[in-house]
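What follows is a set of notes on a single structure, which appears directly below.
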Amino acid sequence: MATCAKPAVAAAASTTGKGYVDSGVKILIAVVIGALLLSGLYALFDTTIMPTVTNKITELFNYAG
C-alpha cells in the first residue's frame, strides 16, 4: 500500500504544472483548426451540410408559444 501512495504523494506535491499548459495549448489548436476546416467546407460547398441539425436548431429558436 505504501508503495502505491508514494507516486501519488509526489505528484500532488509537485507544483511545476508540467504538461498541463502543453495539453491545453494542443486542445486549443485542435479546436481552432477544426473550426477553420468546418468553415472552409461550408464556404466551399455553399450549402447546408447538415440540414437535419439546421432544421432542429431553427425549430428550437422559433418558439411561437
Side-chain angles (χ1 to χ4, degrees):
M1 177 84 176
T3 59
C4 294
K6 287 183 182 179
V9 171
S14 176
T15 58
T16 60
K18 182 178 178 183
Y20 292 108
V21 174
D22 295 338
S23 298
V25 170
K26 288 178 187 176
I27 291 170
L28 184 63
I29 289 172
V31 167
V32 169
I33 289 174
L36 288 173
L37 287 174
L38 187 60
S39 65
L41 284 173
Y42 275 114
L44 180 66
F45 292 115
D46 199 27
T47 57
T48 304
I49 294 176
M50 299 180 292
T52 305
V53 174
T54 303
N55 289 339
K56 290 198 181 280
I57 291 173
T58 303
E59 292 172 0
L60 179 72
F61 288 108
N62 193 17
Y63 179 71

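Shown here are the side-chain contact (heavy atoms from CB on, under 4.5 Å) partners of Leu44, two or more places apart in sequence or in another chain: there are none.
For the atom pair Lys56 NZ and Thr54 OG1, the distance stands at 11.5 Å (nearest 0.5 Å). One distance of note links OG1 of Thr52 with CD1 of Ile57; it measures 11.0 Å at 0.5 Å rounding.
Checking Ile33, Ile27, Val31, Val32 one by one against Ile29, the side chain to side chain contact (heavy atoms under 4.5 Å, CB included) holds for a single residue, Ile33.
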